Amino acid sequence: EVLASDSPGVSMTVRDAVLARVARLSPAARALLELASVVPGRIERWLLENILGSAAPALEECLSSGMLLLDHSMVAFRHELARLAVESTLSPLRQQALHAQVLQALLSRGEDISQAARLVHHATGAQDEALVLRYAPLAAQQASAKGAHREAAAQYATALRYADQLPPERQVELLEGRAHECYLTSQVEEAVQARLSTLRLWRRLDRADKVGQTLRWLSRLSWVLGKGDEAAQYADEAVRILETLPPGSELAMAYSNRAQLYMLAYDAAQAMQWGERAIALAESLGDVETLVHALNNVGCALINAQDEQGWVNLERSLHLALEHGLEDHVGRAYTNLTAFAVDVRDYPRVARYLQEG
């Protein structure tokens, strides 16, 4: 029925079947189901009892009817579609009240930051803006650390709904987090919008270093979208602004970004010129991330020019990225090493890079 339905969410036939079973339950059992429906996955028995008081008879009725399943101290709907069907019957005010009750019960046992994503879910449902702003950035960071970058991007988006209450410095922190997670998950248009918002705020704060850094990011994102002219314009503007400041990591990465654009355009001479400037500055600053990025660009340019030293640079980029946990750069290194190995028909090397990558 779900597959046959063209409408989003739970199809009407499934919803009607679930609600027909719910209608035969007592008011207490229906109240328990409504509470459980706003908690995705499973709900703890202590949480039901904290909110409803003695919930054993109502729970027994829900179990006997086949609506809920019991797994030790946890209760869950037999199927997620059933939970969604019950949740869909709740008015906005009823949903808000239930989320607030769950949120209060969870926090009554002390703050557990490992539950940040769960707290965000209920704070959003309860329309508690302060708690959303407290926990959504934390949930985003936790998701990103576990490699759940799409979830991280969504958590940043949740926080940004209320970001106008925050000082500009905090707003740009959330926007940059959102932009990076969107970039990692190919939500490039969304990443551009976040970076453009960041750019306006950094200009308002008169932070030329951050303006230059944001322009460099916009250059990269523009190239990914196939907008080569815009990518070059942003790249030039980033270098021009950052060269008016004392040399820093932002300038080193802006140089490396220029090298990357030239490398991708198969202009090996310019790519190596800009890349060597980036490497020299990065090494003088102890900036490992920019060094990794620039070594990759120069390595690719050298291989394009049929210079075997390019493999050495790419391997060094990879090893440094692995050593320092630079996940995005590790992926890029393996991608480029594999692609070039295919180009020169070095299939044992291709197999090794694919396997390791």
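What you see is a predicted model; the values in this text were computed from it and never measured.
Shortest non-hydrogen contact noted between Gly310 and Leu302 is CA-CB, 3.6 Å. The heavy-atom pair separating Leu242 from Asp209 by the smallest distance is CD2-O, 3.6 Å.
Of the charged side-chain nitrogens involved, none lies within less than 4.0 Å of a carboxylate oxygen, so that Arg30 and Glu34 do not count as a salt-bridged pair. A salt bridge links Glu44 to Arg118: one of the charged nitrogens lies within less than 4.0 Å of a carboxylate oxygen.
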task = Would you sort out whether Tyr234 and Trp217 count as a ring-ring contact (aromatic ring centres under 6.0 Å, His included), showing the intermediate values?
result = CA-CA 8 Å; Tyr234 280 130; Trp217 264 113; over 10 Å; no
request  = Decide side chain to side chain donor-acceptor pair (under 3.5 Å) for Arg332 and Thr335; before the verdict, give the C-alpha distance in whole Å, the side-chain angles of both, and the deciding distance to 0.1 Å.
outcome  = CA-CA 5 Å; Arg332 181 170 171 246; Thr335 297; over 6 Å; no
request  = Evaluate the criterion ring-ring contact (aromatic ring centres under 6.0 Å, His included) for residue pair His99 and His121; output intermediate values, then yes/no.
outcome  = CA-CA 8 Å; His99 280 294; His121 173 74; 5.2 Å; yes
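A distance-only check finds no donor-acceptor pair linking the side chain of Arg178 to the backbone of Tyr156 [under 3.5 Å]. Of the possible donor and acceptor atoms, none in the side chain of Arg83 sits under 3.5 Å from a partner among the backbone N and O of Phe77. A donor-acceptor pair under 3.5 Å is absent between the side-chain atoms of Ser222 and the main chain of Glu230, judged by distance alone. For the pair Thr89 (side chain) and Ala85 (backbone), a donor-acceptor distance under 3.5 Å is absent.
Side-chain atoms of Glu169 and Trp202 form no donor-acceptor pair, as typed in the model, at a separation below 3.5 Å. Between the side chains of Asp229 and Gln233, no donor N or O sits under 3.5 Å from an acceptor N or O. Side-chain contact check for Ser88 and Arg15: at least one donor-acceptor pair (N or O, by modelled atom type) lies under 3.5 Å.
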Enumerate donor-acceptor pairs with a distance under 3.5 Å from any side-chain N or O in residues 50-58 to protein atoms, sequence neighbours excluded.
none

Show which side-chain atoms of residues 336-352 pair as donor or acceptor with protein atoms under 3.5 Å away, not counting sequence neighbours.
unit_1	atom_1	unit_2	atom_2	d
Asn336	ND2	Asn296	OD1	2.8
Thr338	OG1	Tyr334	O	2.7
Asp346	OD1	Arg349	N	3.3

Just list the side-chain donor-acceptor pairs under 3.5 Å for residues 143-153, sequence neighbours left out, or say none.
unit_1	atom_1	unit_2	atom_2	d
Ser144	OG	Glu181	OE2	2.8
His149	ND1	Glu181	OE1	2.7
His149	NE2	Glu327	OE1	3.1
Arg150	NH2	Thr185	O	2.9
Glu151	OE2	Gln155	NE2	2.9

For residues 249-261, which side-chain N or O atoms pair as donor and acceptor with protein atoms under 3.5 Å away, sequence neighbours left out?
unit_1	atom_1	unit_2	atom_2	d
Ser249	OG	Asp287	OD2	3.1
Tyr255	OH	Glu243	OE2	2.7
Tyr255	OH	Arg277	NH2	3.1
Ser256	OG	His293	ND1	2.6
Ser256	OG	Ala294	N	3.3
Ser256	OG	Asn297	ND2	3.0
Asn257	ND2	Ser219	OG	3.0
Arg258	NE	Asp236	OD1	3.0
Arg258	NH2	Asp236	OD1	3.0
Arg258	NH2	Tyr262	OH	3.4
Gln260	OE1	His293	NE2	3.3

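Heavy-atom contacts from other residues, nucleotides or ligands closer than 6.0 Å to CG of Asp206 number 12 or fewer. With a 6.0 Å radius and a threshold of 12 heavy atoms from other residues, nucleotides or ligands, Gln165 has its CD atom above the threshold. Environment of CD in Gln104: sparse, with no more than 12 heavy atoms of neighbouring residues, nucleotides or ligands closer than 6.0 Å.
Side-chain contact check for Glu176 versus Arg195: some heavy-atom pair is nearer than 4.5 Å. Proximity of Val22 to Met67: side-chain heavy atoms (C-beta onward) are separated by under 4.5 Å at one or more points.
Leu70 contributes atom CG, which lies 11.5 Å from atom SG of Cys62 (distance to the nearest 0.5 angstrom). To the nearest 0.5 angstrom, Leu160 atom CG is 8.5 Å from Ser197 atom OG.
Applying the side-chain hydrogen bond (donor to acceptor under 3.5 Å, both in side chains) rule to Gln96 yields no partners; only residues at least two apart in sequence or on another chain are considered. Arg134 is linked by a side-chain hydrogen bond (donor to acceptor under 3.5 Å, both in side chains) to Glu111, counting only residues two or more places apart in sequence or in another chain.
In the hydrophobic cluster analysis, where Ile, Leu, Val, Met, Phe, Trp and Tyr join through side-chain heavy atoms closer than 4.5 angstrom, Leu285 is grouped apart from Leu295.
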